[in-house]
J.: 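First, the structure itself, so that you have it in front of you.
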Amino acid sequence: QVQLVESGGGLVQAGGSLRLSCAASGRTFSSYAMGWFRQAPGKEREFVAAISWSGGNTYYPDSMKGRFTISRDTAKNTVYLQMNSLKPEDTAVYYCAARRDYTTYYYTSSVDYNYWGQGTQVTVSS
């Protein structure tokens with residue numbers, strides 16, 4: 001089992017950057033595929049980025065490509081989401097998620113993940 005704790009959210013102006021972190025407990029962090037999702041008020045949870053257990057494969061929806069980068073540091077049991085060129089529509093609570101996995105796959109649906117963090121608020125002002 002793994003526990004996830006997000007940090008790094010905050011208030012930023014449009015065009016700015018933030019780096020979110022997701023710290024994972026447990027000794028087998030490297031055997032989990034990881035993802036980031038977000039949820040704005042009144043909207044459904046939305047996929048943001050995913051990374052395979054090895055870190056070799058990543059995936060982003062078109063709206064995030066070129067702006068967001070997911071990475072992982074297995075030694076630090078941490079997954080990151082670097083967000084650049086932020087827009088007001090990026091405002092949401094951002095969640096980190098984990099799925100026990102030993103493949104090279106990444107996962108883009110929330111139902112594929114077993115463990116979730118509590119979320120961190122990102123607010124982008126115009």
Side-chain angles (χ1 to χ4, degrees):
Q1 188 169 354
V2 63
Q3 293 182 333
L4 307 172
V5 179
E6 302 97 333
S7 61
L11 174 64
V12 63
Q13 289 187 335
S17 299
L18 281 175
R19 188 177 79 156
L20 306 183
S21 299
C22 173
S25 64
R27 295 177 296 177
T28 58
F29 174 68
S30 61
S31 57
Y32 286 85
M34 304 295 294
W36 285 95
F37 292 77
R38 69 186 185 186
Q39 189 165 19
K43 295 187 177 181
E44 295 186 351
R45 191 164 293 190
E46 177 185 21
F47 168 69
V48 173
I51 189 166
S52 61
W53 76 272
S54 67
N57 291 313
T58 60
Y59 185 79
Y60 311 87
D62 288 343
S63 58
M64 283 78 170
K65 284 181 181 177
R67 299 193 302 126
F68 291 7
T69 303
I70 187 172
S71 61
R72 66 191 300 161
D73 186 335
T74 301
K76 295 183 178 180
N77 280 6
T78 301
V79 172
Y80 303 98
L81 182 69
Q82 177 67 44
M83 305 186 293
N84 300 326
S85 302
L86 283 164
K87 307 173 182 179
E89 51 264 43
D90 293 319
T91 295
V93 177
Y94 283 71
Y95 298 91
C96 153
R99 170 195 170 96
R100 192 71 179 265
D101 194 80
Y102 297 96
T103 72
T104 59
Y105 294 162
Y106 47 76
Y107 298 87
T108 63
S109 173
S110 60
V111 299
D112 290 325
Y113 290 89
N114 309 108
Y115 305 101
W116 293 84
Q118 82 290 348
T120 185
Q121 176 70 47
V122 171
T123 303
V124 184
S125 62
S126 57

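Just so you know, these numbers use all the heavy atoms, side chains as well, and skip hydrogens, waters and symmetry mates.
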J.: Can you tell me if Gln121 has over 12 outside heavy atoms packed within less than 6.0 Å of its CD?
T.: yes
J.: Is it possible for you to say whether Tyr94 and Tyr59 belong to one hydrophobic cluster, with membership spreading through side-chain heavy-atom contacts below 4.5 Å?
T.: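 No: no chain of side-chain contacts under 4.5 Å links Tyr94 to Tyr59.
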J.: Distance alone, cut at 3.5 Å: any donor-acceptor contact between the side chains of Tyr113 and Arg99?
T.: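 No pair is found: no donor N or O on one side chain lies under 3.5 Å from an acceptor on the other.
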J.: Looking only at atom types and distance, does a side-chain atom of Arg72 sit under 3.5 Å from a main-chain N or O of Ala33, one as donor and one as acceptor?
T.: no
J.: With the side chain counted from C-beta on, respond yes when Val79 and Trp36 share a heavy-atom pair under 4.5 Å apart, and no when they do not.
T.: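 When only atoms from C-beta onward are counted, Trp36 and Val79 do touch, with a gap below 4.5 Å.
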J.: If we check salt bridge (charged side-chain N to carboxylate O under 4.0 Å, His left out) with Arg38, which of these qualifies: Glu44, Glu6, Glu46?
T.: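 Only one of Glu44, Glu6, Glu46 forms a salt bridge (charged side-chain N to carboxylate O under 4.0 Å, His left out) with Arg38, namely Glu46.
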J.: Should the ring pair Phe47 and Phe37 be called parallel, tilted or perpendicular, given that the plane angle runs from 0 to 90° and is split at 30 and 60?
T.: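 Rings of Phe47 and Phe37: perpendicular, as their planes differ by over 60°.
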J.: Any idea which heavy atoms bring Met34 and Ala98 closest together, and the distance?
T.: SD-CB, 3.5 Å
J.: Are Leu4 and Ile51 connected in a single hydrophobic cluster, I mean Ile/Leu/Val/Met/Phe/Trp/Tyr linked by side-chain heavy atoms less than 4.5 Å apart?
T.: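 Looking at the clustering, Leu4 is in the same group as Ile51.
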J.: Which pair of non-hydrogen atoms, one from Ile70 and one from Tyr60, has the smallest distance, and what is that distance?
T.: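 Minimum heavy-atom contact is N-OH, 2.9 Å.
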J.: Would you indicate whether Tyr105, at its atom OH, is surrounded by more than 12 heavy atoms from other residues, nucleotides or ligands within a distance under 6.0 Å?
T.: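 Not buried by this count: 12 neighbours or fewer within 6.0 Å.
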J.: Shortest non-hydrogen contact from Tyr80 to Asp73?
T.: CE1-CB, 4.0 Å
J.: Should Tyr32 and Tyr115 count as side-chain neighbours, where that means a heavy-atom distance under 4.5 Å?
T.: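 In contact.
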J.: Out of curiosity, does Val48 fall in the hydrophobic cluster containing Tyr107 (side-chain heavy atoms, cut-off under 4.5 Å, transitive links)?
T.: no
J.: Extract all donor-acceptor atom pairs below 3.5 Å that involve side chains of residues 8-24 and protein atoms in other chains or at least two apart in sequence.
T.:
unit_1 : atom_1 : unit_2 : atom_2 : d
Ser17  : OG     : Asn84  : OD1    : 2.9

J.: Under the rule for salt bridge (Lys or Arg N to Asp or Glu O under 4.0 Å), what residues qualify as partners of Lys65, not counting sequence neighbours?
T.: Asp62
J.: Within this structure, what is the CH2-OG distance for the pair Trp53 and Ser31, rounded to the nearest 0.5 Å?
T.: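 Answer rounded to 0.5 Å: 8.0 Å.
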J.: Is a side-chain donor or acceptor of Ser85 paired with a backbone partner of Arg67 at a separation under 3.5 angstrom?
T.: no
J.: Could you tell me whether the side chain of Val122 reaches within less than 4.5 Å of the side chain of Met83, counting heavy atoms only?
T.: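 With C-beta onward as the side chain, the pair touches.
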J.: Can you give me the closest heavy-atom contact between Ala50 and Tyr106, atom names plus distance?
T.: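 Here Ala50 and Tyr106 meet closest at CB-CB, 3.8 Å.
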J.: Does Gln3 offer a backbone N or O that forms a donor-acceptor pair with the side chain of Ser25 under 3.5 Å?
T.: yes
